[in-house]
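Heads up: the structure comes next, in structure tokens.
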Amino acid sequence: MSWEDVLRTTLEQEADREPVPELRLPDLLDRGRRAERRAVLRRRLTSLVAVLLVVTVALVLGATWVRHDSPPREGATTPDRSQRRELAAFDVPYCLPAGRTAAGDGDILHVGGVDVPTRCAQGDGRRLWYHAGVTLRLESGRLERITRQGVVPLGSTPDEASVTISEGGRYVVWTDDSRRLVVDDLLDDGDPLHVAPPVQEGRPGGPGSTTRVWGVDALGRVYVGPDASQEAWLYSIPSRRWIGLTGLPAAWSELSYLHGNTLGFAVRRTPGHLLEGQVTFDGVFVPVRTITYSKAFWAPDESAAVVMTGDRLWVEPTTIGDRVELDVPLEEARDVRLDVQWASRGAVLLSEGGTGVLNCSVGTGQCHPIPGIELPLSPQAPLPG
Amino acid sequence: MRAEDEYATFVAGRWSSLWRLAYLLAGSRAEAEAVLDQALVETYLHWHGVEDAESQVRREIVGALLTGHPRRRSSADDAAPAPLALVEPDEGLLRLDGVTLWPLMCALPPRQRAVLVLRVYENLSAQGAADALGCTTGEVRAQSLEAFTALRRAVLAVTGEPDST
């Protein structure tokens with residue numbers, strides 16, 4: 001008997017143990033009718049208030065709508081959004097990045113009113129993102145949004161790691177060929193906003209500097225930071241301002257966007273942990289607590305995940321089966337940088353900071369090195385060893 | 001058949017199973033009665049557009065539990081719980097029984113408990129559970145993983161077996 005069977009038996013016995021109360025159908029129908037009457041009344045009142053409001057506003061404004069013109073946008077060179085095309089049945093979405101997977105190989109996605117089987121082809125310039133109802137696709141540097149009406153071109157990017165959908169799905173952010181930040185408000189039909197990197201005192205930003213997008217919150221605050229640097233910034237889309245983050249911990253090695261205005265910093269003196277804190281509107285990082293760093297790398301079929309907690313690595317099945325610790329040589333100061341690639345349902349490849357690749361058995365946890373390869377392998381590449 | 005008659009037939013036919021589902025999701029009689037009552041009234045309001053009534057009620061129950069609802073307190077809250085029945089465990093699952101698992105299930109966060117009940121008790125697919133919870137299948141799988149992990153750790157802690165973590 002498996003854990004799942006025991007749990008099922010427990011739930012069935014618990015459900016059977018409680019006597020089912022008597023159904024008082026007339027009372028229920030009576031409450032339904034009363035609720036229906038209240039709903040009708042509420043709808044009528046809402047309509048009446050809305051009409052009154054519109055009439056009042058029209059009178060105050062002289063029945064004239066004043067359209068607010070946006071300030072000119074810098075260098076908006078975007079494809080024509082009227083160029084929509086239907087997604088052909090064979091032109092299917094691909095696997096999603098780990099942790100945000102909404103469809104695996106062979107899953108069905110509804111696109112353009114058609115059921116489309118997905119196809120995993122991540123790793124050769126194709127990526128698919130899905131978050132908060134927004135589906136994006138990147139192919140050969142072209143970023144597109146997939147909607148029920150078809151495919152809408154958004155722009156181009158040389159850096160797939162920069163593509164980010166905001167919490168709530170209102171904004172899409174990426175970097176363009178000139179390393180500028182590109183911000184697209186999906187509620188606005190206008191062109192995306194191209195924003196030059198922040199100019200720091202004594203060191204202007206420019207095409208040479210790298211802008212890495214950590215995350216975008218629902219209020220349109222984009223958290224960015226150049227790679228290999230101790231700087232971090234936020235760009236406020238509503239106010240169109242760069243704000244340098246202050247109060248950051250000393251000697252942090254990695255920044256993680258967690259949620260809302262909450263960030264987590266990996267600090268070298270506490271490996272395996274993140275200093276979690278919140279960013280105020282004026283860009284001050286306020287530490288809240290230290291949390292254990294945990295990161296999951298999902299198998300393409302989502303049957304299991306490699307979970308990194310502290311300095312240990314586990315394979316966690318998505319059913320109630322037992323977890324298996326991977327026998328990876330431990331390092332005292334393990335960094336949070338780790339490449340993980342699932343080779344099959346039973347094997348996972350690990351690479352830590354360019355120290356070679358390990359092939360680990362999901363069943364036993366045993367690992368052995370594979371010389372001469374680097375991650376990520378392309379999906380078609382044969383696995384040496 | 002009039003719409004109200006169809007609704008009444010549905011409720012009368014499915015009352016027991018809907019109540020049991022509400023009880024497992026809520027973890028208490030009083031809360032189960034409150035959420036089921038609310039869910040059935042909401043279903044009555046939208047009966048004309050309902051294609052799958054059972055799925056609709058399931059969604060309403062889960063939604064009411066996860067987003068808050070007017071709670072009613074009844075005398076059942078004060079009643080002493082009836083003794084739990086023991087499961088006949090296999091050798092390898094010696095102390096995994098209803099006495100251990102049900103209180104731990106109730107201690108899970110509502111969303112995680114809902115995922116387990118929908119997947120294990122209702123035997124729903126990830127897509128079915130996602131429909132009931134109003135989220136993606138990926139979130140269902142993630143919540144399922146977290147719930148099973150939490151449950152396993154809790155069982156190990158309760159039964160006194162060392163956790164390898």
Side-chain angles (χ1 to χ4, degrees), chain A residues 1-23 25-29 31-36 38-39 96 99-104 107-108 130-133 296 298 302-305 307 309-310 312 314 316-325, chain B residues 4 7-8 11-12 15-17 19-21 23-24 29 32-33 36-37 40-45 47 76 82-90 92-93 96-102 105 116-117 119-121 123 126-127 136-139 141-142 144-149 151-152 155 164-165:
Chain A
M1 184 181 277
S2 70
W3 268 71
E4 198 164 323
D5 293 333
V6 174
L7 183 58
R8 181 175 293 111
T9 306
T10 299
L11 292 174
E12 286 169 354
Q13 291 195 339
E14 186 60 29
D16 291 342
R17 189 179 63 82
E18 282 294 320
V20 178
E22 182 191 350
L23 169 63
L25 197 52
D27 290 352
L28 180 64
L29 292 175
R31 281 198 297 282
R33 290 183 206 113
R34 275 188 276 130
E36 193 168 36
R38 282 198 301 275
L96 306 188
R100 299 160 83 179
T101 303
D107 277 1
I108 301 295
Y130 175 84
H131 176 68
W298 291 87
E302 296 186 349
S303 60
V307 179
T309 303
R312 304 173 84 171
W314 311 87
E316 291 267 7
T318 47
T319 63
I320 206 160
D322 288 331
R323 62 159 70 178
V324 174
E325 181 169 8
Chain B
E4 190 171 277
Y7 172 83
V11 174
W15 171 251
S16 296
S17 62
W19 192 89
R20 289 192 176 102
L21 173 64
Y23 172 71
L24 291 179
R29 286 187 68 85
E33 285 173 19
L36 183 56
D37 185 72
L40 289 174
V41 169
E42 284 295 322
T43 305
Y44 179 97
L45 289 176
W47 186 253
L84 289 165
L86 279 172
V87 177
E88 282 295 328
D90 282 359
L93 300 165
L96 265 183
D97 49 35
V99 175
T100 307
L101 274 182
W102 176 243
M105 274 288 292
L116 290 192
V117 170
R119 294 296 306 271
V120 177
Y121 178 75
N123 210 19
Q127 186 60 56
T136 63
T137 54
E139 285 173 88
R141 285 169 179 141
S144 175
L145 174 64
E146 286 182 17
F148 276 132
T149 304
L151 206 53
R152 183 170 53 229
V155 166
S164 56
T165 60

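Because only heavy atoms are used, hydrogens play no part in the values below, and waters and symmetry mates are left out as well, while side chains stay in. First the proteins, then the strands, lettered A, B, ... as listed; each starts at 1.
- Shown here are the side-chain hydrogen bond (donor to acceptor under 3.5 Å, both in side chains) partners of B:Glu42, two or more places apart in sequence or in another chain: there are none.
- Contact check on B:Arg20 versus A:Glu18 returns no salt bridge, with no Lys/Arg side-chain nitrogen under 4.0 Å from an Asp/Glu carboxylate oxygen.
- With hydrogens and angles ignored, the 3.5 Å screen pairs a side-chain donor or acceptor of A:Arg8 with a backbone N or O of B:Val120.
- Comparing B:Leu24, B:Val41, B:Leu116, B:Leu21 by how many heavy-atom pairs each has under 4.5 Å with chain A, the most go to B:Leu24.
- Interface remark: A:Arg33 contributes backbone and side-chain atoms alike to the contact with chain B (heavy atom separation under 4.5 Å).
- Heavy atoms of A:Leu25 lying under 4.5 Å from chain B belong exclusively to its side chain.
- Between the CD atom of A:Glu14 and the OG1 atom of A:Thr9 there is a distance of 13.0 Å, given to the nearest 0.5 Å.
- For A:Pro26, no part lies under 4.5 angstrom from a heavy atom of chain B.
- The greatest number of non-hydrogen atom pairs below 4.5 Å with chain B, out of A:Ala39, A:Ala35, A:Pro21, is found for A:Pro21.
- Interface remark: A:Asp27 contributes no atoms to any contact with chain B (heavy atom separation under 4.5 Å).
- For B:Thr149, the side-chain hydrogen bond (donor to acceptor under 3.5 Å, both in side chains) partners two or more places apart in sequence, or in a different chain, are A:Glu316.
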